[in-house]
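Data first, discussion second: the structure below is written as structure tokens.
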Amino acid sequence: MDYQLLADLLFPNVTETPDDVEAKFPPRQLPEGAKVTRFAPSPTGFVHFGGLFPSTICERLAHQSGGVFMLRIEDTDAKREVEGAAEGLIRTLAHYGIHFDEGAVIGEDGKICDRGNYGPYCQSQRGPIYHVFAKKLVSEGRAYPVFTTQEELDALNAVDKKAEIKAKDWHEDQSAQREAMRKAREITLDEVKAHLAAGDPFVLRILADGDPEKKTPFTDLIKGKLEIPENDEDFVLLKSDGIPTYHFAHAVDDHLMGTTHVIRGEEWLPSLAKHIMLFRYLGFRLPKFMHIAQIMRLDENGNKKKLSKRDMGANMDDYSRMGYDPACVCEYIMTLLNSNYEEWHAQNADKPYTDFPFNIKKMSSSGCLFDFDKLNDVSKNIISRMSAEEVTEKVTAWAMTYDPDFGKLLAKAPAFTESIFAIGRGGKKPRKDLATWADAKPYMGFFFDEIFTIEDAYDERFDKADVKAALNGFLATYDPADDMTVWFDKIKAIAREIGYADDMKAYKANPEAYRGNIADVSMFLRVALTGKLNAPDMYAVMQVLGEARVRARIEKMRDSL
RNA sequence: GGCCCGUUGGUCAAGCGGUUAAGACACCGCCCUUUCACGGCGGUAACAGCAGUUCGAUUCUGCUACGGGUCACCA
């Protein structure tokens with residue numbers, strides 16, 4: 001077989017040589033130790049947690065080492081592509097602080113375009129480049145065309161299915177598909193010419209020379225030492241539309257773009273043998289690999305499953321809707337990424353997570369379960385350290401899109417809103433009421449007359465006359481100018497007047513001697529003012545509410561009894 | 001089923017041949033407290049199993065079990 005002739009037959013329009021292409025992608029001039037990484041999603045939908053996770057690692061590793069972080073769009077499967085997905089991906093990633101040095105970006109016109117010297121960064125636009133290397137492989141006898149159509153393939157599949165040959169038997173060499181594949185290798189030049197003359201489409205398959213009985217030692221930066229069985233599968237390099245498969249595009253692109261570290265999910269481990277073979281055939285130096293463990297979820301049987309789209313907590317856009325601040329999500333990701341992050345953060349509370357010395361060695365090799373409890377805890381801590389001004393701004397912004405009526409209420413009175421969020425904020429032991437912006441409304445919505453309602457009722461064991469007397473007593477002595485001590489002394493006095501204990505210790509020592517206690521009196525006021533049994537510090541609440549609202553709410557409650 | 005990866009409390013995890021096997025979240029109790037939230041103190045709870053190497057295995061090796069992944073002209 002004259003491979004050069006075959007190559008010319010298959011790729012008549014390819015005139016460039018691999019060297020010509022290489023010349024356009026010169027080695028990068030970067031400082032020692034700089035890492036070049038890339039996030040390479042296929043534009044088939046939204047960003048999900050399982051995608052944000054590795055992209056954070058790529059970003060950290062590149063930027064921490066003074067390297068380059070790229071975005072490559074793997075749009076090689078037109079069938080699965082979703083309109084506008086790439087743009088959405090970029091926006092969502094940016095929302096989570098993932099910014100790229102080069103790659104696909106959103107241009108002024110809102111469309112995807114390139115930034116950087118190693119593009120194009122959308123694989124669909126790199127066709128000619130792949131073909132140069134495909135031609136090279138053919139000319140060296142390491143790849144061959146297969147003219148079997150999809151229909152014929154489906155038919156073979158049906159034959160196997162009928163013969164009950166399952167995937168497990170596939171390697172037993174009994175299947176019709178396997179048989180056909182073996183024959184396809186023996187195609188002659190004349191047959192190729194005939195097919196080409198007839199305009200038949202073909203796929204390009206690699207001619208695998210591996211022996212799966214032989215293992216190649218391989219070191220993965222996360223998994224450690226591995227044994228990879230050699231690849232013996234003639235996998236597809238170019239699909240019949242001339243577009244490369246992931247495997248081929250990965251090898252060509254990561255080599256040309258100068259990727260030093262390939263970071264991807266561990267579901268790629270089984271095809272690593274193919275990639276090693278491709279890099280060898282192509283004469284490319286193998287980059288370093290990090291196969292990271294998948295984020296898991298619990299299925300209905302209590303088993304761990306890979307967190308995939310559709311799962312609760314998968315779609316990053318859902319986090320926005322739920323009101324999670326991106327900073328909190330990033331922080332949570334850091335705690336999952338590096339187990340020593342929390343310790344570092346405790347000592348460097350005011351520093352951004354980008355200051356943390358991220359370390360590959362501290363990464364777990366097994367998949368972890370997504371934990372909302374932990375996310376919420378991380379969120380509460382972060383939000384508790386924000387200023388009232390920042391919280392006001394963020395809650396308002398969130399509500400404007402997800403709860404517009406409430407948002408408008410907040411936007412109408414920003415100073416009032418800020419004074420609400422200032423309650424219990426600042427200081428050494430700040431309140432931790434909010435894990436999400438959506439938590440704000442149930443927490444402090446009662447401040448607004450427009451949505452204030454009485455949610456909790458008084459316990460029936462209390463005499464309505466007592467409640468009424470307490471409320472009236474308060475109204476009679478209330479002075480918003482009182483400091484907290486004077487204010488509380490007045491409430492104590494009211495308690496005494498209606499026969500309630502004004503001192504909890506005395507009450508606990510002898511509960512039968514009283515009809516109630518100071519806590520009960522406080523509760524009478526609290527329900528009248530906030531509509532709830534639980535609320536932030538009542539003195540602060542009254543200060544923020546202002547005298548008019550305080551009196552109006554208490555009077556209204558009194559009159560309703 | 002073949003191949004590959006993994007397995008320390010409910011969850012995330014320290015540990016890298018000798019430890020009372022950290023810490024965080026969750027849960028429970030107590031304290032603080034006019035409620036809640038915060039904070040403080042304390043508690044329940046783990047090395048998947050079996051062999052082997054070793055004076056000694058959570059740590060090294062092998063097997064088993066369990067879990068995960070993968071086996072496309074998808075990535």
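Scope of the values below: all heavy atoms of this structure, side chains included, with no hydrogens, waters or symmetry mates. Since the model is a prediction, treat every value here as computed from it, not as a measurement.
Among pairs with a residue in residues 210-232 of chain A, those fulfilling ring-ring contact (aromatic ring centres under 6.0 Å, His included) read Phe218(A)-Phe289(A), at least two apart in sequence or across chains. Residue pairs that meet the side-chain hydrogen bond (donor to acceptor under 3.5 Å, both in side chains) test with at least one member in residues 377-387 of chain A, sequence neighbours left out, are Asn381(A)-Lys432(A). The salt bridge (charged side-chain N to carboxylate O under 4.0 Å, His left out) contacts involving residues 496-509 of chain A comprise Arg496(A)-Asp502(A), where partners must be two or more places apart or lie in separate chains.
The salt bridge (Lys or Arg N to Asp or Glu O under 4.0 Å) test applied to Arg526(A) returns no partner, not counting sequence neighbours. The ring-ring contact (aromatic ring centres under 6.0 Å, His included) test applied to Phe356(A) returns Tyr341(A), Trp344(A), not counting sequence neighbours. With sequence neighbours excluded, the residues forming a salt bridge (Lys or Arg N to Asp or Glu O under 4.0 Å) with Arg297(A) are Asp311(A), listed by chain and number. Under the rule for a side chain to side chain donor-acceptor pair (under 3.5 Å), the partners of Asp209(A) that lie at least two apart in sequence or sit in another chain are Arg142(A), Arg280(A), Tyr281(A).
In this structure, Arg185(A) and Asp234(A) have side chains that are in contact, with non-hydrogen atoms separated by less than 4.5 Å. Taking the side chain as every heavy atom from C-beta outward, Lys490(A) and Tyr478(A) never approach each other to under 4.5 Å.
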Legend entry - Contact pattern, 5' to 3', of nucleotides 4-17 of chain B - B, S or - by protein heavy atom under 4.0 Å: SSS----SSSSS--
Inset, instruction - Using a 4.0 Å heavy-atom cut-off, write out nucleotides 29-44 of chain B from 5' to 3' as B (base contacted by protein), S (sugar-phosphate only) or - (no contact). - result: -----BBBBSS-----
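We find that CG of Asp241(A) is positioned 13 Å from C1' of rC74(B), with the value rounded to whole Å. Following rounding to the nearest Å, Gln347(A) (CD) and rA24(B) (P) show an atom-to-atom distance of 13 Å. Rounded to an integer number of Å, the gap from CG of Leu272(A) to C1' of rU70(B) is 13 Å. Nucleotide rC71(B) holds its P atom 10 Å from the CD atom of Glu267(A), rounded to whole Å. Lys239(A) has its NZ atom 10 Å from the P atom of rC73(B), to the nearest Å. In this structure, His291(A) atom NE2 and rG68(B) atom P are separated by 20 Å, rounded to whole Å. Look at CH2 on Trp268(A): it is 13 Å from C1' on rC71(B), rounded to the nearest Å. If you measure from atom CD of Glu331(A) to atom C1' of rA24(B), you get 13 Å, rounded to the nearest angstrom.
The aromatic rings of Phe370(A) and Phe372(A) stand perpendicular to each other, their planes meeting at an angle above 60°, with 30° marking the opposite boundary.
For rA46(B) and rU35(B), the P atoms lie 36 Å apart once the distance is rounded to whole Å. rA48(B) and rG9(B) have their C1' atoms separated by 13 Å, with the value rounded to a whole Å. Rounded to a whole angstrom, the distance from the P atom of rU11(B) to that of rG68(B) is 14 Å. As rounded to the nearest Å, rU70(B) and rA14(B) have P atoms that lie 25 Å from one another. rU59(B) sits 12 Å from rC47(B) when the P atoms are compared, rounded to a whole Å. Comparing rA57(B) with rA21(B), their P atoms sit 15 Å apart, to the nearest whole Å. A distance of about 23 Å separates the P atoms of rU19(B) and rA24(B), rounded to the whole Å. Taking atom P in both rC36(B) and rC50(B), the straight-line distance is 48 Å, to the nearest Å.
At the phosphate of rA75(B), neither OP1 nor OP2 sits under 4.0 Å from any side-chain N or O atom of Arg80(A). At rA75(B), one or more side-chain N or O atoms of Thr76(A) fall inside 4.0 Å of OP1 or OP2 (strictly under the cut-off). For rG67(B), the OP1/OP2 oxygens have no side-chain nitrogen or oxygen of Lys305(A) closer than 4.0 Å.
Rounded to the nearest 0.5 angstrom, Asp433(A) CG and Arg425(A) CZ are separated by 8.5 Å.
Residue-level contact check: Thr149(A) touches the bases, meaning some heavy atom is under 4.0 Å from a base atom. Val236(A) comes within 4.0 angstrom of sugar-phosphate atoms only, judged by non-hydrogen atoms across all strands, and of no base.
Counted by atom type alone, Asp253(A) and Tyr130(A) present one or more donor-acceptor pairs between their side chains at under 3.5 Å.
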Legend entry - Working for ring-ring contact (aromatic ring centres under 6.0 Å, His included), residues Phe452(A) and Phe446(A): CA-CA 4 Å; Phe452(A) 170 67; Phe446(A) 69 84; 7.2 Å; no
Inset, instruction - Determine, step by step, whether Phe133(A) and His255(A) satisfy the ring-ring contact (aromatic ring centres under 6.0 Å, His included) criterion, reporting the C-alpha distance in whole Å, the side-chain angles of both residues, the deciding distance to 0.1 Å, and the verdict. - result: CA-CA 12 Å; Phe133(A) 290 97; His255(A) 170 254; 7.1 Å; no
Do any side-chain atoms of residues 266-273 of chain A form donor-acceptor pairs under 3.5 angstrom with protein atoms, and if so which ones, sequence neighbours left out?
residue: Glu266(A); atom: OE1; partner: Lys223(A); partner atom: NZ; Å: 2.5
residue: Glu267(A); atom: OE1; partner: Gln294(A); partner atom: NE2; Å: 2.0
residue: Ser271(A); atom: OG; partner: Trp268(A); partner atom: O; Å: 3.1

Review item, nucleotides 62-66 of chain B N/O atoms under 3.5 Å of protein N/O:
none

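Looking at RNA chain B, the stems built from 3 or more consecutive Watson-Crick or G-U wobble pairs, each pair with its key distances under 3.5 Å, are B:1-7 with B:65-71, B:10-12 with B:23-25, B:27-31 with B:39-43, B:48-52 with B:60-64.
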